[in-house]
Amino acid sequence: MGNDALQTGPLDPVDVLAERFLRAIRAAFPDLGPDPVDPAITPSKQPKLGDFQCNAAMALGKRLGKNPREVAQAIVQHVELSDLCEPLGADAIAGPGFINLRLRPDALSSLLTRMDAPGLGVPAPASPETVVVDLCGINLAKQMHVGHLRATIIGDAIARILERLGNRVVRQNHVGDWGLPIAMVVQKLREESGAGRIDLDRLTLDDLDRLYREAQRDCAADARGLACVTRFDLGPKARAELEEQVASANDAMARAKATLVALQAHDAQTVALWTRITDVTMRECLLSCERLHANVSARDSAGESSYATELAPLIEDLASRGIAEVSEGALVVRNEGIAEPTLVRKSDGGFLYATTDLAAIRRRVQKIGASRVIYTVDARQALHFKQVFASAHKAGFTARPDGTNARLEHAAFGTVLGEDGRPFKTRSGENVKLASLIDESIERATARIGEKNADLSPEERRTIGAAVGVAAIKYADLSNDRVRDYQFSFDRMLEFEGNTGPYLLYAVVRLRSIFRNAKQRGLDAGWQGAPIAIDQPAEKNLALALLRYPGVVRGAGDALEPHRVCVFAFELATAFSSFFDACPVLAAPDDATRRSRLRLCDLTLRVLEDALHTVGIPTIERM
RNA sequence: GUGCCCGUAGCUCAACUGGAUAGAGCGUUGGCCUCCGAAGCCAAAGGUUGUGGGUUCGACUCCCGCCGGGCACGCCA
């Protein structure tokens with residue numbers, strides 16, 4: 001047989017073939033020198049042509065000044081594939097020099113057998129990295145909305161993928177819990193509770209959300225309006241009204257600023273209010289994270305307040321080292337190639353968003369030890385991060401003990417659009433609360449579950465509905481390319497047909513059902529460790545799909561693209577469905593085939609669940 | 001004004017980082033349940049990848065110019 005070579009080394013056929021072809025190319029063209037050679041192995045798009053192909057001959061032909069078909073011929077003569085591929089026939093070399101390859105069933109079987117291990121073929125990294133993922137982005141006194149949905153679940157999926165690849169991942173929820181806007185709410189809450197209009201003990205996030213907006217409004221002075229009234233002489237009444245408004249706003253702003261000072265000075269009563277706001281906000285927001293099965297908890301939170309005392313010394317340091325300079329009264333960092341300077345201190349001495357982000361980078365690289373920091377934040381902040389990253393680098397905050405620099409990456413995501421193609425809002429034009437979004441999806445899913453399966457108890461229906469509703473939202477979001485805007489549609493994502501979260505859960509449920517039935521009929525013994533036979537076309541398709549898994553996770557981690565794992569899960573589920581239709585498992589023609597297929601089903605179930613769990617979608621037993 | 005992102009089947013989206021005849025799902029049309037969950041499977045129809053150039057053996061992918069849509073651009077976060 002000669003499959004010994006497949007017992008060790010890489011498991012992904014692309015990697016195995018790459019090794020073989022690299023060796024062959026070196027042997028066929030010894031004078032290539034030390035320059036890197038790309039064996040260019042890819043899965044074939046068209047099954048008619050083969051399972052995999054080698055595209056190296058074209059590039060090599062050019063590099064060597066030779067006819068690429070002759071190059072392909074030379075490669076084929078040197079490559080050792082007898083244990084792996086069907087013999088290369090006369091038609092193996094096609095077109096300009098493609099080499100088409102078809103895996104042998106016993107090779108597939110060997111690779112699958114090795115994949116059938118706890119790690120499912122995903123290799124441990126040579127050197128695990130410490131990666132910080134900045135995700136979620138909760139703001140005090142504000143409800144989470146659709147924007148947070150993406151920041152939370154994409155960030156969590158990226159974190160899970162990197163964890164799955166064996167890295168140490170530290171999640172950081174950069175909570176907006178500091179600064180003037182927060183002081184405005186604290187002051188507003190002080191006034192409202194003082195007047196007996198709010199009961200601090202029964203405070204909810206909805207209350208705070210309302211106070212936040214009221215405080216914003218109270219402090220917004222329309223000085224320009226007043227100037228207009230004066231200029232166009234619109235009469236004493238309009239003038240008096242506006243003057244009063246401006247005076248009241250100025251007054252509210254002054255009180256808020258005083259509160260900010262009190263907060264920064266650790267005034268006990270002010271801090272108590274702030275703590276109350278923090279507790280209420282975090283409790284409700286972290287509950288939403290939990291409902292979304294996003295792995296974000298209190299210990300991942302690193303609020304802006306935690307950097308407060310670092311900012312002044314940090315800015316002094318930047319100024320004294322000449323990294324930052326004064327411009328129009330403010331302090332800025334200028335970076336080559338970026339026209340807009342990064343403001344790090346306002347002319348009134350206050351600090352900004354970018355200041356805190358610089359402190360965060362310094363802590364993440366130097367204290368937490370990150371070699372990679374990933375920001376799952378809205379694409380609209382691209383310029384901000386470009387500026388902050390460049391400034392952090394210039395300031396030396398990305399320097400690691402080993403002399404390298406930490407990589408800073410903005411994993412930008414697009415906007416959630418409604419079915420009208422415009423940003424997703426309620427009918428009245430407000431942001432959609434994340435909590436109500438989850439509620440509605442679960443409600444709809446629960447109703448559908450009841451229609452589809454009347455046998456379920458009310459309790460089962462609730463738990464299944466919750467799982468399906470959340471899977472629908474998450475899969476709809478995560479299966480799209482991160483940077484693009486995408487259209488949110490309950491109807492589409494909860495459709496139980498086609499490329500949806502529910503479909504994938506259904507595939508899991510059917511697989512589980514096979515094993516329940518096997519047990520019932522006394523057929524569930526003897527398949528563990530049984531030889532895997534790849535015979536039928538549907539079995540081969542399933543095998544090829546399974547073997548792609550390690551490469552998919554790796555690629556998703558490199559590109560920070562969870563949708564690759566989603567697309568894979570869908571393709572695996574589809575391959576399984578076809579197999580399920582074409583190849584009887586429990587009613588297989590003989591014992592050996594049944595055992596082989598049971599083992600294949602078991603592997604499929606584990607890989608499918610692993611893929612879904614890797615993007616943060618929990619699976620269920622039945623539905 | 002400057003810069004960034006996006007234009008792929010009627011609709012919603014992929015395309016493994018430059019590979020062969022651009023793939024799925026929904027919808028449309030036609031098949032498949034006395035058989036492991038039909039929430040499924042099989043098949044058909046549907047395309048000048050916004051547009052015009054360029055780079056090369058080869059372009060949805062890279063470069064340049066237009067058209068159309070979105071976003072961001074010093075004292076908010």
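Letters go in sequence order (proteins before strands), and every chain restarts at 1.
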*Asks:* I want to check one thing: is the phosphate of B/C73, taken as OP1 and OP2, less than 4.0 Å away from some side-chain N or O of A/His384?
*Replies:* no
*Asks:* Report which part of the nucleic acid A/Ala507 touches: base, sugar-phosphate, or nothing (heavy-atom distance under 4.0 Å, all strands).
*Replies:* nothing
*Asks:* Are OP1 or OP2 of B/C41 and a side-chain N or O of A/Tyr503 less than 4.0 angstrom apart?
*Replies:* yes
*Asks:* When you get a sec, tell me which of B/G74, B/A20, B/G37 is the closest nucleotide to the side chain of A/Asn453?
*Replies:* B/G37
*Asks:* Under 4.0 Å from OP1 or OP2 of B/A39: is there any side-chain N or O of A/Thr500 that close?
*Replies:* no
*Asks:* Take atom P in B/G52 and the same atom in B/C13, then report the distance between them in whole Å.
*Replies:*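 B/G52 and B/C13 have their P atoms separated by 25 Å.
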*Asks:* Between B/A14 and B/C62, how far apart are the two P atoms, rounded to whole Å?
*Replies:* 15 Å
*Asks:* For the side chain of A/Ser577 and the base of B/G40, is some donor closer than 3.5 Å to an acceptor across the two?
*Replies:* no
*Asks:* Within the structure, does a side-chain N or O atom of A/Lys45 lie under 4.0 Å from either OP1 or OP2 of B/C16?
*Replies:*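 It does not, given that no N or O in the side chain of A/Lys45 lies less than 4.0 Å from OP1 or OP2 of B/C16.
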*Asks:* For the C1' atoms, the ones on B/U49 and on B/C6, what distance do you get once it is rounded to whole angstrom?
*Replies:* 14 Å
*Asks:* Heavy atoms from C-beta onward define the side chain here; which of B/A72, B/G40, B/A77 lies closest to that of A/Tyr506?
*Replies:* B/G40
*Asks:* What nucleic acid atoms does A/Asp481 come within less than 4.0 Å of, heavy atoms only: base, sugar-phosphate, or nothing?
*Replies:*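 Since only primed, P, OP1 and OP2 atoms lie under 4.0 Å of A/Asp481, the category is sugar-phosphate.
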*Asks:* For A/Phe580 and B/G40, is the gap between ring centres under 5.5 Å while the planes differ by less than 30°?
*Replies:* no
*Asks:* With heavy atoms under 4.0 Å as the rule, sort A/Phe351 into base, sugar-phosphate or nothing.
*Replies:*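 The residue A/Phe351 makes sugar-phosphate contact but no base contact.
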*Asks:* Classify the nucleic acid contact of A/Asn100 as base, sugar-phosphate or nothing, counting any heavy atom under 4.0 Å across all strands shown.
*Replies:*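 Result for A/Asn100 = base.
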*Asks:* Which listed nucleotide (B/A14, B/C75, B/C36) is nearest to the side chain of A/Ile514?
*Replies:* B/C36
*Asks:* Does A/Asn517 have a side-chain nitrogen or oxygen under 4.0 Å from the phosphate oxygens OP1 or OP2 of B/G37?
*Replies:*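 A/Asn517 to B/G37 OP1/OP2: side-chain N or O found under 4.0 Å.
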*Asks:* So which nucleotide from B/A72, B/G37, B/G25 ends up closest to the side chain of A/Phe570?
*Replies:*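 Nearest listed nucleotide: B/G25.
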*Asks:* Have a look at A/Val14 and say if it touches a base, only the backbone sugar-phosphate, or nothing, with a 4.0 Å heavy-atom cut-off.
*Replies:* nothing
*Asks:* Hey, is the side chain of A/Lys62 poking within less than 4.0 Å of OP1 or OP2 on B/C57, counting only N and O atoms?
*Replies:* yes
*Asks:* Between A/Arg548 and A/Asp12, is there a side-chain N and carboxylate O pair less than 4.0 Å apart?
*Replies:* no
*Asks:* For A/Val509, report the nucleic acid contact type (base, sugar-phosphate, nothing); a contact means any heavy atom under 4.0 Å.
*Replies:*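 A/Val509: base contact, heavy atoms under 4.0 Å.
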*Asks:* In whole angstrom, give me the gap between the P atoms of B/G18 and B/A24.
*Replies:*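 Those two atoms are separated by 23 Å.
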*Asks:* Can the ring centres of A/Tyr475 and A/Tyr503 be said to be less than 6.0 Å apart?
*Replies:* no
*Asks:* If you measure from the P atom in B/A38 to the same atom in B/C33, how many Å do you get, rounded?
*Replies:* 13 Å
*Asks:* Does A/Arg564 get its side chain close enough to the base of B/U17, under 3.5 Å, for a donor-acceptor pair?
*Replies:*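 It does, because a donor-acceptor pair links the side chain of A/Arg564 to the base of B/U17 below 3.5 Å.
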*Asks:* Please determine, for the side chain of A/Met58, which listed nucleotide (B/C13, B/A39, B/G19) has the closest atom?
*Replies:*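 Side chain of A/Met58 sits closest to B/G19.
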*Asks:* Check every atom of B/A14, B/A72, B/C75 against the side chain of A/Lys346 and return the nucleotide holding the closest atom.
*Replies:* B/C75
*Asks:* Determine the Euclidean distance between corresponding C1' atoms of B/G54 and B/A77; express it in Å to zero decimal places.
*Replies:*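 Those two atoms are separated by 44 Å.
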*Asks:* What is the nucleic acid contact for A/Glu497, judged by heavy atoms within less than 4.0 Å: base, sugar-phosphate only, or nothing?
*Replies:* sugar-phosphate
*Asks:* Using a strict 4.0 Å threshold on nitrogen-to-oxygen distance, state whether A/Arg150 and A/Asp485 make a salt bridge.
*Replies:*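 No.
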*Asks:* Between A/Tyr486 and A/Lys452, name the one whose nearest nucleotide on RNA chain B is closer to the 5' end.
*Replies:*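 Looking at RNA chain B, the more 5' nearest nucleotide goes with A/Tyr486.
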*Asks:* Report the base-pairing partner of B/C73 (Watson-Crick or G-U wobble, both distances below 3.5 angstrom), or none.
*Replies:*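 B/G1 is the nucleotide pairing with B/C73.
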*Asks:* Considering only NZ, NE, NH1 and NH2 on the basic side and carboxylate oxygens on the acidic side, decide whether A/Arg492 and A/Glu495 come within less than 4.0 Å.
*Replies:*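 Salt bridge flag = no for A/Glu495 with A/Arg492.
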*Asks:* Can you find a donor-acceptor N/O pair under 3.5 angstrom joining the side chain of A/Asp177 to the base of B/A77?
*Replies:* no
*Asks:* Which atom names give the shortest non-hydrogen contact between A/Gly176 and A/Glu304, and what distance separates them?
*Replies:*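 That would be CA-OE1, 3.5 Å.
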*Asks:* Should A/Glu539 and A/Arg597 count as an ion pair when the cut-off is N to O under 4.0 Å?
*Replies:* yes
*Asks:* Among the candidates B/A20, B/A77, B/G37, find the nucleotide nearest to the side-chain atoms of A/Gln53.
*Replies:* B/A20
*Asks:* How many whole angstroms separate atom CG of A/Asn335 from atom P of B/G3?
*Replies:*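 The distance from CG of A/Asn335 to P of B/G3 comes to 18 Å, rounded to the nearest Å.
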*Asks:* Report yes if a donor N or O on one partner sits less than 3.5 Å from an acceptor N or O on the other, where the partners are the side chain of A/Ser347 and the base of B/C75; otherwise report no.
*Replies:* yes
*Asks:* Is the phosphate of B/G7, meaning OP1 or OP2, less than 4.0 Å from a side-chain N or O of A/Arg484?
*Replies:* yes
*Asks:* Which label fits B/U34, syn or anti, where anti is any glycosidic angle not within 90° of 0?
*Replies:*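 Anti, since the glycosidic angle lies more than 90° from 0.
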*Asks:* Do any side-chain nitrogens or oxygens of A/Gln487 fall under 4.0 Å of OP1 or OP2 in B/U12?
*Replies:*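 Answer yes for this pair, as a side-chain N or O of A/Gln487 is under 4.0 Å from OP1 or OP2.
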*Asks:* Sort out the partner of B/G23 for me: Watson-Crick or G-U wobble, both distances under 3.5 Å, none otherwise.
*Replies:* B/C13
*Asks:* Where do A/Tyr549 and A/Phe568 land on the ring pair (Phe, Tyr, Trp, His ring centres under 6.0 Å) test, with the steps shown first?
*Replies:* CA-CA 7 Å; A/Tyr549 185 54; A/Phe568 166 81; 5.2 Å; yes
*Asks:* What nucleic acid atoms does A/Arg622 come within less than 4.0 Å of, heavy atoms only: base, sugar-phosphate, or nothing?
*Replies:* base
*Asks:* Just checking A/Phe488 against A/Phe490, ring centres under 6.0 Å apart?
*Replies:* yes
*Asks:* For A/Glu571 and for A/Ser578, locate the closest nucleotide of RNA chain B by heavy-atom distance; then report the residue assigned to the nucleotide nearer the 5' terminus.
*Replies:* A/Glu571
*Asks:* Classify A/Cys601 by what it touches in the nucleic acid, base, sugar-phosphate, or nothing, heavy-atom distance under 4.0 Å.
*Replies:* nothing
*Asks:* Would A/Phe496 count as stacked on B/A39 if the rule is ring centres under 5.5 Å and plane angle under 30°?
*Replies:*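 A/Phe496 vs B/A39: stacking yes.
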*Asks:* Determine if the base of B/C33 is syn or anti; take syn to mean the glycosidic torsion is within 90° of 0.
*Replies:* syn
*Asks:* Is A/Glu451 salt-bridged to A/Arg448, cutoff N-O under 4.0 Å?
*Replies:* yes
*Asks:* Base, sugar-phosphate, or nothing for A/Leu343, non-hydrogen atoms under 4.0 angstrom?
*Replies:* base
*Asks:* Looking across every strand, which nucleic acid part, if any, lies under 4.0 Å from A/Pro68 by heavy atom: base, sugar-phosphate, or nothing?
*Replies:* nothing
*Asks:* Between A/Arg594 and A/Asp591, does any side-chain N to carboxylate O distance fall below 4.0 Å?
*Replies:*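 Here A/Arg594 pairs with A/Asp591 in a salt bridge, since their nearest N and O are under 4.0 Å apart.
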*Asks:* Looking only at atom P, what distance separates B/G7 and B/C60, rounded to whole Å?
*Replies:*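 Taking atom P in both B/G7 and B/C60, they lie 14 Å apart.
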*Asks:* Within the structure shown, what part of the strands sits under 4.0 Å from A/Thr415 by heavy-atom distance: base, sugar-phosphate, or nothing?
*Replies:*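 Nothing, no nucleic acid heavy atom in range.
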*Asks:* Contact class for A/Ala339 vs. all strands (heavy atom < 4.0 Å): base, sugar-phosphate, or nothing?
*Replies:* nothing
*Asks:* Does A/Arg516 make a side-chain N or O approach to OP1 or OP2 of B/C36 shorter than 4.0 Å?
*Replies:*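 No.
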*Asks:* Classify the nucleic acid contact of A/Gln46 as base, sugar-phosphate or nothing, counting any heavy atom under 4.0 Å across all strands shown.
*Replies:* base
